[in-house]
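Here the structure is laid out as structure tokens; the discussion comes afterwards.
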2 protein chains.
Amino acid sequence: MFIQTVAPSTRPAALRPQSFGQTPAPLFASTPEILGTSFSYGRDEEIYGEGEDNEFVYKVVSGAVRTYKVMRDGRRQIGGFHLPGDYFGFELGTRHLLTAEATTDTKVLLFKRSQIESLATRDVSAARELWLMTAGQLRHAEDHMLLLGRKTATERLAAFLIEMDKRLGGTGVVELPMSRRDIADYLGLTLETVSRGFSQFQASGIVQLIDARHVVLVKRRKLEEDAE
Amino acid sequence: MFIQTVAPSTRPAALRPQSFGQTPAPLFASTPEILGTSFSYGRDEEIYGEGEDNEFVYKVVSGAVRTYKVMRDGRRQIGGFHLPGDYFGFELGTRHLLTAEATTDTKVLLFKRSQIESLATRDVSAARELWLMTAGQLRHAEDHMLLLGRKTATERLAAFLIEMDKRLGGTGVVELPMSRRDIADYLGLTLETVSRGFSQFQASGIVQLIDARHVVLVKRRKLEEDAE
DNA sequence: CGGCCACTTGATCCGACTCAACCTGCGTGG
DNA sequence: CCACGCAGGTTGAGTCGGATCAAGTGGCCG
């Protein structure tokens with residue numbers, strides 16, 4: 001039934017790590033001793049897989065990352081998108097619980113988990129900061145459960161556009177760094193429903209679709225009402 | 001549309017905190033200096049509300065607690081049930097993000113948040129333990145997002161029964177400490193769909209319903225397959 | 001220029017919701 | 001002790017929102 005999602009097939013040769021370099025960057029303002037290594041991924045490239053060792057913590061520099069779970073038959077639920085400035089990949093235990101992939105060409109900084117862990121055991125405020133990051137993700141997940149469990153397609157789409165706008169700077173002009181299918185798998189819908197919803201917003205003058213990836217929020221107030 | 005949920009009205013006089021006493025109980029095995037105060041709540045009684053100060057952290061002794069979000073029109077999403085042994089109520093920041101209520105007569109231990117916070121700043125392993133609790137809740141939320149976004153009604157119900165059985169001891173005989181409406185609001189369904197689903201499991205010989213609150217998992221393997 | 005991929009749009013279908021009746025057990029008051 | 005009311009649960013009939021299946025359309029890359 002809901003089978004859609006997930007390209008099988010082997011990864012095209014084009015999709016390989018694209019660059020590698022040393023860019024010093026502090027994980028926390030207060031602890032400049034931890035540095036990140038810069039790394040790039042092409043569109044749809046896997047950063048880590050569910051069940052793999054979680055050796056690194058990541059910070060998005062540019063692009064965007066999806067983290068998701070898949071069922072055996074291919075149904076996929078994206079738990080969240082990680083946008084520039086966001087950290088992701090630090091999960092409880094030694095194994096990743098989600099798969100992470102770049103939704104578009106993406107640059108990240110990597111931090112060794114072992115370093116971060118040992119920092120957390122030495123530095124109380126760093127430990128607290130890590131805890132707060134996890135708590136922030138939990139907060140997002142709680143909001144998203146309400147959306148997935150109880151909101152209509154239109155409400156989900158409105159909430160999505162508001163969320164993206166807010167996280168991308170709140171300018172009202174949103175450049176979506178992901179496909180319709182990604183949006184659908186994030187919102188618990190099909191890509192057709194996402195497409196139709198955007199078209200309806202456009203027809204009602206609520207948004208303007210410059211092209212599939214660029215949306216102007218014309219009546220943001222209306223969207224916020226729809227989103228609840 | 002989905003309006004169901006939530007009894008308005010003032011709380012009946014019967015629903016008042018029912019007992020109060022001093023029961024020393026350590027929050028962490030390693031830190032016996034932090035003690036909990038015992039407290040009881042009647043069925044449907046609010047423990048704390050969304051937006052209130054989170055002054056306490058709670059541990060369920062007996063009964064069960066639901067934590068949820070509600071929309072203006074009454075649509076409700078229960079994020080999780082807290083069963084005996086579980087901690088709940090420690091959230092990021094100073095305000096609760098969810099409402100907590102007893103789903104049935106419930107006894108809890110209360111811990112002062114300020115004590116726990118200060119412990120976390122002194123004791124690295126306690127801080128880590130708190131972090132792990134939050135991470136555990138996040139893990140649950142991620143699984144639940146997959147359920148809410150992508151699973152069918154039957155799959156949700158199967159997953160629910162398996163989850164409850166596991167968390168209540170894995171005996172295969174489940175005493176549900178919540179109503180059909182609570183289950184529906186947890187699974188993103190209506191109570192009628194929950195009821196019908198249980199009846200169908202019964203008709204297929206997968207479970208036996210002793211009464212509405214007592215379910216025997218006759219073919220647990222089958223349920224696990226359904227749940228994915 | 002041709003093929004492909006992402007997206008859009010249309011037609012139809014179906015799983016879960018809505019509305020409604022009824023059943024059952026329990027607490028309350030006569 | 002029984003009659004009643006009520007809350008929670010079950011079951012049935014009909015509807016509908018979003019999924020599925022199926023054509024297009026347009027832009028981009030080779």
Side-chain angles (χ1 to χ4, degrees), chain A residues 1-7 9 12-15 42-44 73-77 103-105 147-157 176-185 187-203 207 209-215 226, chain B residues 1-9 12-15 42-44 73-76 103-105 147-157 176-185 187-203 207 209-215 226:
Chain A
M1 50 189 40
F2 295 124
I3 306 177
Q4 40 170 108
T5 300
V6 177
S9 79
L15 304 178
R43 167 197 283 233
D44 292 334
D73 61 12
R75 280 176 280 172
R76 181 176 72 158
Q77 180 61 47
T103 62
T104 185
D105 290 352
L147 180 148
L148 293 171
R150 290 296 180 218
K151 294 190 180 178
T152 64
T154 304
E155 290 168 340
R156 294 177 200 211
L157 283 166
L176 298 172
M178 73 287 286
S179 69
R180 294 289 184 267
R181 163 152 297 173
D182 285 334
I183 297 170
D185 284 348
L187 299 178
L189 301 170
T190 59
L191 62 88
E192 292 94 331
T193 299
V194 171
S195 185
R196 275 187 249 273
F198 283 171
S199 297
Q200 274 176 258
F201 281 151
Q202 161 122 291
V207 308
L209 296 165
I210 308 297
D211 62 41
R213 299 281 182 125
H214 293 81
V215 187
D226 282 0
Chain B
M1 50 188 38
F2 294 123
I3 306 178
Q4 39 171 110
T5 301
V6 177
S9 78
L15 303 178
R43 167 198 283 232
D44 292 334
D73 61 11
R75 280 176 280 171
R76 182 176 71 160
T103 63
T104 184
D105 290 352
L147 179 148
L148 293 172
R150 290 298 181 217
K151 294 190 179 176
T152 64
T154 305
E155 290 168 341
R156 293 177 200 212
L157 283 166
L176 299 172
M178 74 288 285
S179 69
R180 293 290 185 265
R181 163 151 298 175
D182 285 334
I183 297 171
D185 284 348
L187 299 178
L189 301 171
T190 58
L191 61 87
E192 293 95 331
T193 300
V194 172
S195 185
R196 277 187 248 272
F198 282 171
S199 296
Q200 274 176 259
F201 281 152
Q202 161 123 290
V207 308
L209 295 165
I210 307 298
D211 61 43
R213 299 282 184 124
H214 293 82
V215 187
D226 282 0

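- As rounded to whole Å, 18 Å separates atom C1' of C:dA6 from atom CD1 of A:Ile210.
- At a threshold of 4.0 angstrom between heavy atoms, the contacts of B:Gly188 are confined to the sugar-phosphate backbone, with no base atom among them.
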Provide a list of protein-nucleic acid N or O atom pairs under 3.5 angstrom, restricted to nucleotides 7-13 of chain D.
{"residue": "D:dG9", "atom": "OP2", "partner": "B:Arg180", "partner atom": "N", "Å": "3.1"}
{"residue": "D:dT10", "atom": "OP1", "partner": "B:Arg180", "partner atom": "NH2", "Å": "3.2"}
{"residue": "D:dT10", "atom": "OP2", "partner": "B:Arg180", "partner atom": "NE", "Å": "2.7"}
{"residue": "D:dT10", "atom": "OP2", "partner": "B:Ser195", "partner atom": "OG", "Å": "2.7"}
{"residue": "D:dT10", "atom": "O5'", "partner": "B:Ser195", "partner atom": "OG", "Å": "3.0"}
{"residue": "D:dT11", "atom": "OP2", "partner": "B:Ser199", "partner atom": "OG", "Å": "2.4"}
{"residue": "D:dG12", "atom": "N7", "partner": "B:Arg196", "partner atom": "NH1", "Å": "2.7"}
{"residue": "D:dG12", "atom": "O6", "partner": "B:Arg196", "partner atom": "NH2", "Å": "3.1"}

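- Put simply, CD on A:Gln200 is 10 Å from P on C:dT9, counting in whole angstrom units.
- The side-chain contact (heavy atoms from CB on, under 4.5 Å) check on B:Ile210 picks up B:Gln208, B:His214, B:Val216, with sequence neighbours excluded.
- In terms of heavy-atom proximity, B:Met178 sits nearest to B:Ile183 at CG-CG1, 3.7 Å.
- A straight line from CG of A:Leu157 to P of D:dG17 spans 15 Å, rounded to a whole angstrom.
- Taking A:Thr193 as the reference, A:Thr190 meet the side-chain hydrogen bond (donor to acceptor under 3.5 Å, both in side chains) condition, with sequence neighbours excluded.
- Partners of A:Arg196 by side-chain contact (heavy atoms from CB on, under 4.5 Å), not counting sequence neighbours, listed by chain and number: A:Glu192.
- Checked for salt-bridge contact, A:Asp182 and A:Arg76 meet the test: a charged N lies under 4.0 Å from a carboxylate O.
- Applying the side-chain contact (heavy atoms from CB on, under 4.5 Å) rule to B:Ser195 yields no partners; only residues at least two apart in sequence or on another chain are considered.
- Contact between B:Phe201 and B:Leu157 at its shortest, heavy atoms only, is CE1-CB, 3.7 Å.
- If you measure from atom CG of A:Leu148 to atom C1' of C:dA16, you get 17 Å, rounded to the nearest angstrom.
- Between the NE2 atom of A:His214 and the P atom of C:dA6 there is a distance of 17 Å, given to the nearest Å.
- Shortest non-hydrogen contact noted between A:Gln202 and A:Leu209 is OE1-N, 2.9 Å.
- Direction change of the helix axis from one end of the helix from C:dC1-D:dG30 to C:dG30-D:dC1 to the other is 30°, with five pairs defining each end axis (rounded to 10°).
- For the OP1/OP2 pair of C:dC17 and a distance below 4.0 Å, the side-chain nitrogens and oxygens of B:Thr190 include at least one atom meeting the criterion.
- Counting to the nearest Å, the P atom of C:dC17 and the CG atom of B:Leu187 are 10 Å from each other.
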* To do: Indicate for each nucleotide in nucleotides 24-30 of chain D, in 5' to 3' sequence, whether protein heavy atoms under 4.0 Å reach the base (B), only the sugar-phosphate (S), or nothing (-).
  => -------
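- Of all heavy-atom pairs spanning B:Glu155 and B:Arg150, the tightest one is OE1-O, 4.4 Å.
- To the nearest 0.5 Å, atom OG1 of residue B:Thr104 and atom CG of residue B:Leu176 are 11.0 Å apart.
- Atom CZ of A:Arg75 is separated from atom P of C:dG15 by 13 Å (rounded to the nearest Å).
- In this entry the distance linking CG of A:Leu176 with C1' of C:dA6 reads 14 Å, nearest Å.
- Remark: B:Ser199 engages no residue in a side-chain contact (heavy atoms from CB on, under 4.5 Å) (not counting sequence neighbours).
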